[in-house]
Amino acid sequence: MKKLTITRPDDWHLHVRSGAILKTVIPYTARQFARAIIMPNLKPAVTTVAHALAYREEILQAVPETVCFNPLMTLYLTASTTIAEIKKAAASEHVHAFKLYPAGATTNSDSGVADIKSVYPLFAALEKYDMPLLIHGEVTDANCDIFDRERVFIDTILTDIVSAFPELRMVVEHVTTTEAVQFVQSAGSKIAATITPQHLMYNRNVILAGGIRPHYYCLPIIKREHHRLALIAAAISGNAKFFLGTDSAPHLSSLKETACGCAGCFSAHAALELYAEIFEQANALDKLEAFASFYGPDFYRLPRNSGAVTLEKITWKVPAVYGENGIAITPLKAGEKLSWKIQ
Ligand code: NCD
Ligand code: ZN
């Protein structure tokens with residue numbers, strides 16, 4: 001196959017930051033995706049509809065005029081979130097979900113929730129107003145092995161949430177394990193999951209291949225090969241519960257290449273191309289369109305996009321860094337070759 005045309009896709013999990021980094025990264029998402037779920041872990045976190053709408057304006061200002069892009073906003077759930085704010089969010093055409101970060105689980109999650117049971121009344125309100133809950137599914141117990149944190153979250157926290165709130169729509173974000181795939185498959189129709197390119201492409205060896213490689217460090221951390229194979233099987237299965245969410249999470253290279261580097265992989269520069277490569281290697285290019293363009297909007301109850309994007313089979317080399325004027329962001333596959341390119 002030399003060309004592949006699919007319905008214009010959406011990215012259901014994206015970090016774009018603000019200010020100069022936002023201006024650097026947003027054009028890459030906007031040229032391939034019609035919409036993206038914008039994660040709210042700014043500093044300070046986006047906890048109100050007013051803040052989300054102001055942030056949305058900042059994003060729109062940074063989108064090149066030649067493209068049409070709709071940022072789908074989310075609010076950061078905290079112990080101080082009010083039911084009135086949930087009601088307001090549900091009534092807003094621009095706010096599409098709430099994000100749950102266990103406190104301390106990942107980048108800018110200090111205002112996350114420490115005691116999940118204490119926010120059950122908020123989950124009840126989300127269920128009542130039919131607002132999806134997007135979940136960073138990892139326990140934060142320092143004594144729990146970092147490679148087990150997703151599985152333990154499912155066993156000790158997520159299973160309870162799902163049975164307590166059977167009508168609550170939930171996305172288990174960036175699933176990384178066989179256990180998470182099985183959990184989502186066997187849960188009811190309200191439960192879905194996003195899968196990132198890095199978790200489909202790599203196993204944990206990549207982080208320590210011949211030295212310590214900070215650009216492969218993200219959270220949840222990349223797992224063993226058998227988990228990667230389970231994620232591939234889920235992504236190409238045609239099961240509508242699994243859809244595209246890059247978790248592209250730009251950090252300045254200087255903040256990753258340091259004694260205590262930030263978590264997050266920047267993949268927006270080539271997101272769809274990366275997924276195309278993965279699906280082709282799995283002999284499943286015919287399954288890419290539904291994963292990238294249909295199952296996400298169906299879950300969020302939004303219309304599927306009407307436009308199309310075409311990928312061409314052309315080898316190109318990913319730049320070593322993106323950005324200028326003091327911004328340098330190392331992308332996934334920096335300096336390596338990719339075999340698909342967006343026209
Ligand atoms: C994300 C970030 O940098 O905002 N980092 C990451 O490793 N994925 C936060 C997140 O989604 O966990
Ligand atoms: Zn994320």
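Note that ligands are numbered from 1 as they come in the structure, with each ligand's atoms numbered from 1 the same way.
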Do you reckon I222 sits in the same ILVMFWY cluster as I146, going by side-chain contacts under 4.5 Å, direct or chained? yes
Is it the case that one hydrophobic cluster holds both I154 and I195, taking links as side-chain heavy atoms less than 4.5 Å apart, direct or via other members? yes
Looking at L14, T29, L302, D11, which hits side-chain contact (heavy atoms from CB on, under 4.5 Å) with R35? L302
Would you mind telling me which of L100, L134, L158 makes a side-chain contact (heavy atoms from CB on, under 4.5 Å) with M170? L158
Does ligand 1 have a heavy atom under 4.0 Å from the side chain of N108, from its backbone, from both, or from neither? neither
With a cut-off of 4.0 Å, which atoms of ligand 1 are near a heavy atom of [X]?
X	value
A263	3 (O), 5 (N), 6 (C), 7 (O)
H136	12 (O)
H13	11 (O)
L219	6 (C), 7 (O), 8 (N), 12 (O)

Looking at K313, I want to see if its NZ is surrounded by more than 12 non-hydrogen atoms of other residues, nucleotides or ligands under 6.0 Å. yes
Polar contacts were defined as any N/O atom of the residue lying under 3.5 Å from an N/O atom of the ligand; does this apply to [X] and ligand 1?
X	answer
R17	yes
C218	no
T106	yes
D247	yes
G264	yes

Spatial distance of atom [atom1] ([X]) from atom [atom2] ([Y]) [nearest 0.5 Å]:
X	Y	atom1	atom2	result
L60	H94	CG	NE2	8.0 Å
Q61	K23	CD	NZ	9.0 Å
R151	T156	CZ	OG1	10.0 Å

Metal site the Zn ion (ligand 2): N/O/S of H15 inside 2.8 Å: yes
State if H174 counts as touching ligand 1 under the rule of any non-hydrogen atom under 4.0 Å. yes
Close approach, H251 and ligand 1, non-hydrogen under 4.0 angstrom: yes
Taking the six-membered ring where the residue is Trp, are the ring centres of Y322 and H269 under 6.0 Å apart? yes
To the nearest 10 degrees, calculate the angle at the Zn ion (ligand 2) involving NE2 of H13 and OD1 of D247. 90°
